[in-house]
Amino acid sequence: MSEVLEPLRISLLIATAGTLLCVAVGTPAAWVIARSQARLATVLAAVSLLPLVLPPTAVGYYLLWLFGRESAIGRFLIDSLGIQLVFTWPGAAIAAAVVSVPLFIRTAAAGFEQVDEELLVAARTLVAPWRVFFFVVVPLAWPSLVAACLIAFARCLGEFGATVVVAASIPGKTRTLPAAIYDANLAGDDRLAHQLALAALAVGFVLVLTLTVALQAAVRRSARS
Amino acid sequence: MLDAYLALKAGAFDLDIEVRAGPGITVLFGPSGSGKSMTLRAIAGIERPARGRVVIGDVVVFDASAGIDLPPHRRRLGYAGQRPALLPHLSAAKNITFGLTRVPAAERLGVAARWLERFDLAGFEQRRPASLSGGQAQRVALARALAPGHRVLLLDEPFAALDETLRQSLRELLARLVREEGLAILFVTHDLREAHLLAHELVVLDRGRVLQAGPRDEVFRKPASRRVAELLGGVNLLRGVVVERDAGRLKVDIEGWRACCDSWAGDPAPGEPVDLVIRPERVVLRRGEPQELNVLPAVVVREFDYGTSRTLFFAPEGPGPALSVEVASRPYEVLGIATRKRWLLELPPGDLHAMPPAEGPRQ
């Protein structure tokens, strides 16, 4: 059973970490893209879509170069901080996050765009910007933010190309559900591949169900206001 | 209480204005796109002027050359726009106390209750904005803007979406607040009637510039230019030539008719063209012979019935200008204007106002 549970655990770990990274990086980016008139925001919007058009293996390849000794950042990470990202689950989580963040940003930005400008102006004259964000923007855009998180989580969970290039498929360490299915299939272990795919299906079903409920809430909310 | 100089460019629009507001209601009046809302937003700190200085109370909240730019929530002013913009996920009470971050949580409900009571909304604490009527929501929005204790209030056409009865009761509410609290309100509107009803001081804006500022009646009676007169609903805009100028009196020729005027802007000299204006409600209808000063024989050629008043269009019988005259419905009946069409129009010299001539074709 651990042949199924272990990859599932690693997948969930990577997806959770990847989603958190998406939230941390994607939320401010989505806010700027949705609200700023500056030219930089347009550039950011375009750049944020890049991982979507690149093959995931290409994203993985670039990250491999970035995390390795060939790049200044990689040297700094390895030599000064002692952080080795290649062939580790944090590396895989970063790879999954990079691939998923365009979807997170798009979804969150759509939610931010719907927040009434006049409401923001009124709020800004009353309280500090961080309060405006957490007590006005987040409560009003939460269905979109929840949807963004779920989409990012789902994308992280299914991520194969970029993670496998960065972190390979080390059993018990970086072998995710998709990687395990790929390996089982190559090895001709149909029974295991089948069980793994079933696990992916079950998790996926729960996710899609939650996502649908969240989106319906969003639609109902916008219909009311 | 408020002293602002602002200069900013947004695309093709160029704003460069100076506005002052003391206790009372200062109306910022102008046509759409004249920069009224932009001015409020710049004072509030939502827009950032390229140059300028904004002083509220005795605090400099913005000074481009000194690098001072306080964020909106620290400028100590209240703001309310066209729509109430209440936070839909919070109750009326929580909306009102939203800006009271320094008041202990336990006291906030009391503050909200006091404001709701003042605005005739006692018992509405737990109501959601979606369940409030337009007028109720706008009152909550005003309470929210005032609850932090600000003395300066910026209002951007706050009654635009409401019907006339509600508008009137909210205007009375504002007047009461000004009396009781000594608030300084900067009120934006493009509605001439509203401007007249509310203003103590009037600032006329056009294309990003202040054309004239002063006490309401002075601006209405003595516009500084033809454009101001036009914006203030100027009918009876006339072209004339100065014939003579004494210490306190101007003799002018208006299309061959001689008149005196005791009020003028600028420095008109004999021989120079001037624009003149007289408000339609200031023209007096008389019977008798045209021997007096500023009397023009004329005939009613058209009239409009507005219910409470009538606007009469007069054509001169001899040389002179065409004029429109506003008469309340009752005097209209008493004078028998319905049957009698020939009148002498008296233009009191104090109400006929001369201005520097506008460029452009004669009208």
Side-chain angles (χ1 to χ4, degrees), chain A residues 27-28 30-42 107-108 110-149 213-225, chain B residues 10-11 37 40-48 56 61 70-90 94-102 128-131 137-138 140-150 152-158 160-161:
Chain A
T27 309
W31 179 250
V32 171
I33 288 169
R35 285 285 154 186
S36 170
Q37 317 278 317
R39 204 166 300 161
L40 192 71
T42 318
T107 314
F112 289 152
E113 273 161 16
Q114 281 186 358
V115 176
D116 184 352
E117 170 76 22
E118 271 200 61
L119 235 135
L120 292 180
V121 169
R124 281 175 64 190
T125 62
L126 291 164
V127 294
W130 69 268
R131 276 183 200 271
V132 175
F133 188 80
F134 284 105
F135 297 121
V136 179
V137 175
V138 171
L140 292 179
W142 77 264
S144 298
L145 295 177
V146 170
C149 287
V213 171
L215 287 179
Q216 271 174 356
V219 170
R220 267 202 304 277
R221 201 184 182 89
S222 64
R224 245 189 299 135
S225 61
Chain B
S37 296
L40 279 205
R41 291 165 73 93
I43 292 172
I46 306 292
E47 304 275 348
R48 192 175 190 287
I56 292 166
V61 299
L70 293 187
H73 68 286
R74 292 184 50 207
R75 294 196 172 193
R76 307 172 67 164
L77 45 79
Y79 174 94
Q82 278 195 25
R83 289 183 290 121
L86 298 179
L87 305 171
H89 57 293
L90 298 179
K94 290 238 164 99
N95 262 285
I96 291 175
T97 57
F98 188 72
L100 303 179
T101 47
R102 292 195 190 141
R128 290 283 163 141
S131 73
Q138 195 56 273
V140 173
L142 283 176
R144 178 178 66 179
L146 287 165
H150 302 316
V152 175
L153 194 55
L154 308 179
L155 301 178
D156 190 357
E157 310 211 27

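Remember, predicted model here, so these are calculated numbers, not experimental data. All chains are named by letter (A, B, ...) in the order of the sequence lines, taking the proteins before the strands, and each is independently numbered beginning at 1.
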Best-contacting candidate, B:P72, B:P71, B:G45, against chain A by heavy atom pairs under 4.5 angstrom: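 The residue among B:P72, B:P71, B:G45 with the greatest pair count is B:P72.
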Winner by heavy-atom pair count (cut-off under 4.5 Å) against chain A, out of B:R144, B:R74, B:H150: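 With the most close heavy-atom pairs to chain A, the winner is B:R144.
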Qualifying residues under salt bridge (Lys or Arg N to Asp or Glu O under 4.0 Å), relative to A:R124, sequence neighbours excluded: none
For [X], is it the side chain, the backbone, both or neither that has a heavy atom under 4.5 Å from a heavy atom of chain A?
{"X": "B:R83", "result": "both"}
{"X": "B:P148", "result": "side chain"}
{"X": "B:L86", "result": "backbone"}

Least distance between heavy atoms, B:P88 atom then A:L140 atom: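 Of all heavy-atom pairs spanning B:P88 and A:L140, the closest is CG-CD2, 3.4 Å.
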Where B:H73 and A:P129 come nearest, the two heavy atoms and their spacing: CE1-CD, 3.7 Å
Is there a side-chain contact between [X] and [Y] in this structure, where contact means two heavy atoms from C-beta onward sitting under 4.5 Å apart?
{"X": "B:F98", "Y": "A:V136", "answer": "yes"}
{"X": "B:L90", "Y": "A:P139", "answer": "no"}
{"X": "A:T125", "Y": "B:R75", "answer": "no"}

A:R35, CZ: over 12 other non-hydrogen atoms inside 6.0 angstrom: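 Check passes, neighbour count above 12.
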Separation of B:I96 CD1 from A:L126 CG (nearest 0.5 Å): 11.5 Å
Per-residue contact mode, A:E117 against chain B (heavy atom under 4.5 angstrom):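 The side chain, not the backbone.
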